[in-house]
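Note sheet for the following structure.
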Amino acid sequence: MTEIHTPWWQSGVLYQVYPRSFSDSDADGNGDLQGIIDRLDHLEWLGIDGIWLSPITLSPNADWGYDVADYCAVEPDLGTIELFDALVAGAGRRGIRVLMDLVPNHTSEEHLWFVDSRSSKTASKRDWYVWADATAEGAPPNNWVSSFGGPAWTLDATTGQFYLHNHLAEQPDLNWWHEDVRSAFDDIFRFWLDRGVAGFRIDVCNIIIKDKQLRDNPPATEDDDFEAQLFGQRPVYNGNRPEVHDVLRRWRRLTDSYDGSRALIGETPVKVDVLARYYGDGSDELHMAFNFPFITSPFEAETLRGIVEETEELLPLGAWPAWTGSNHDMSRFASRWGEGNPSKIGAAIVMLLCLRGTPVLYQGDEIGLGDRAVGHEDMRDPLGVLYFPAYAGRDAMRTPMPWRDAPGGGFTDPGVASWLPIGDTGPCNVEDQRSDPRSILHLTHDLIALRRETPELQTGAYESVKAPDGVWAWRRGDHMLVALNLSEGDATLADVEGRIRIGTDRQRDDEVLRGVVRLHPWEAVVIDTR
Ligand code: GLC
Ligand code: MG
């Protein structure tokens, strides 16, 4: 008889740590690896199975770690490789695995590969990056626009050629057509996998390969999404190229060669039909791919249900979704979906933890932490600095984690200026919510615990259930039913027998249902229908 074995990354819950803002152990204002080690008790209590660490590797921080100067060295602000090993070991003792953030699309301009590459046209690593001549008129080689706005090319005086960068000019794109680049990354994978990491979150993995002929992108049409319209072009040739799948298959083989327990989760900001392709045949490319249509959806029953149904329909057999509402680039869902309303935030937590797929919480989601406005003078994100006031950048979702209602928020010592201001702590902090059984923190904890003891919630099939307007209800497996009232009015769902296991109104936990369940505005329930 074959044993049915669910991999940990499918049954578990992931949690993104943004290290510089998680916990500061040495009172220098920056969160650090020792800080994460000091907070493992919190993550263990919460019931987290794996943490994804935003980059901890050496970086001049033009883009806060996403401009890597050495893929195998730890950024000194954050700690040392010994501390990293201690983190993996300490987390492991608590049953928590650690995933790294890998940034293969580009390096920092300070990476020694690029220092060599830009030094001359005949440098040994010249072709590790994408260099091209100006047009006859002296314009950039083609019309590509950087995802951060402006031309994706910068002229380099030393050799008179342009280099490609899909983000900041300080982040030159690697040339993924080059076999030496591919094998250099194989070594980086092995370096961390050998150290015991459980896998990688892979930064913008859908755009690493570009058109070999560097053809111009066609103009955007009115059917294109917001970003294409903003940039005036459809990103046909500088991303989502067919050849990227060769690289993903190579990484999957390498990752799976490590005892079959490691996982890759890709950052894939694309529509659902394109997203599905990054799973390959369901078992030969990414283990999981972030679903951006879901993150960016309004908090509306019909829209969210549509995205989830489409995902369920289009993903290949065997593919496993991932669901997330916040990260270090997007506004935190407690603000975006929840608008600071605890009922809405609670409903969003129920949604994230009860869909079929791996929930990925972002630090602070568990206490319903919203964005914290950061004034122009305190801004750290290059995008905020560049585009203020039209766009305030991503600092508001990167502010430090409030552990207590006290100066420094328990993040750093009182009186220390943290790298980003922590803002008003108020009741939204871990300590106060720990002592309040009605808090978002306890709701999150209890839902994770319920998920752990209920195989249906981990691996049971998803099936939408007919529900009145504004209500989204679905079954998981044989006997779990989840219902969210995402509307301002009371609602009733018919034909429901069973018992509420957890409700956002915690007084309803264990309520027996005979025939109907009535839901107040923004109320959510998880029901065992046996
Ligand atoms: C990804 C990261 C983002 C970064 C960008 C460039 O989108 O999540 O923070 O700025 O890639 O590396
Ligand atoms: Mg520190």
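Numbering of ligands and ligand atoms starts at 1, following listing order. Residues: numbered from 1 along the sequence shown.
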Taking distance alone, with N or O pairs closer than 3.5 Å, would you say D203 contacts ligand 1? yes
I'd like to know if D246 pairs up with R249 as an ion pair, taking the criterion as any Lys NZ or Arg NE/NH1/NH2 lying under 4.0 Å from an Asp or Glu carboxylate oxygen. yes
Specify side chain, backbone, both or neither for H165, according to which of its non-hydrogen atoms lie closer than 4.0 Å to ligand 1. neither
Residues in side chain to side chain donor-acceptor pair (under 3.5 Å) contact with Q433, at least two apart in sequence or another chain: none
Keeping to distances under 2.8 Å, can you name the protein N/O/S atoms close to the Mg ion (ligand 2)? D24 OD1, D26 OD1, D28 OD1, N30 O, D32 OD2
In a check of side-chain hydrogen bond (donor to acceptor under 3.5 Å, both in side chains) between S23 and each of Q363, R39, H42, which one passes? R39
Close-contact set for ligand 1 against R394 heavy atoms, below 4.0 Å: 3 (C), 4 (C), 9 (O), 10 (O)
Per the salt bridge (Lys or Arg N to Asp or Glu O under 4.0 Å) rule, what does the pair list look like for residues 163-179, sequence neighbours excluded? D173-K210, E179-R250
Please indicate whether R404 has more than 12 foreign heavy atoms, meaning atoms of other residues, nucleotides or ligands, lying under 6.0 Å from its CZ. no
Counterpart residues, side chain to side chain donor-acceptor pair (under 3.5 Å), relative to T255 (two or more places apart): none
My understanding is that only one of N217, N143, D211 makes a side-chain hydrogen bond (donor to acceptor under 3.5 Å, both in side chains) with N238; could you say which? N217
Residue, atom and distance of the protein heavy atom nearest atom 10 (O) of ligand 1 read D63 OD2, 2.5 Å
Which residue owns the protein heavy atom closest to atom 7 (O) of ligand 1, what's the atom, and how far is it? E267 OE2, 2.8 Å
Ring geometry between Y71 and H111 (parallel below 30°, tilted from 30 to 60°, perpendicular above 60°): tilted
Look at ligand 1 and say whether R398 reaches it with a heavy atom at a distance under 4.0 Å. yes
Can you tell which part of F148 has a heavy atom less than 4.0 Å from ligand 1: side chain, backbone, both or neither? side chain
Could you please spell out the steps behind the ring-ring contact (aromatic ring centres under 6.0 Å, His included) verdict for F148 and H165? CA-CA 10 Å; F148 287 171; H165 53 86; 9.7 Å; no
Suppose we measure from atom 8 (O) of ligand 1 to each protein heavy atom; which comes out shortest, and what is that distance? D329 OD2, 2.5 Å
Under 4.0 Å from one or more heavy atoms of H106, ligand 1 contributes atoms 6 (C), 12 (O)
Does one side chain, of Y66 or S108, offer a donor that lies under 3.5 Å from an acceptor on the other? no
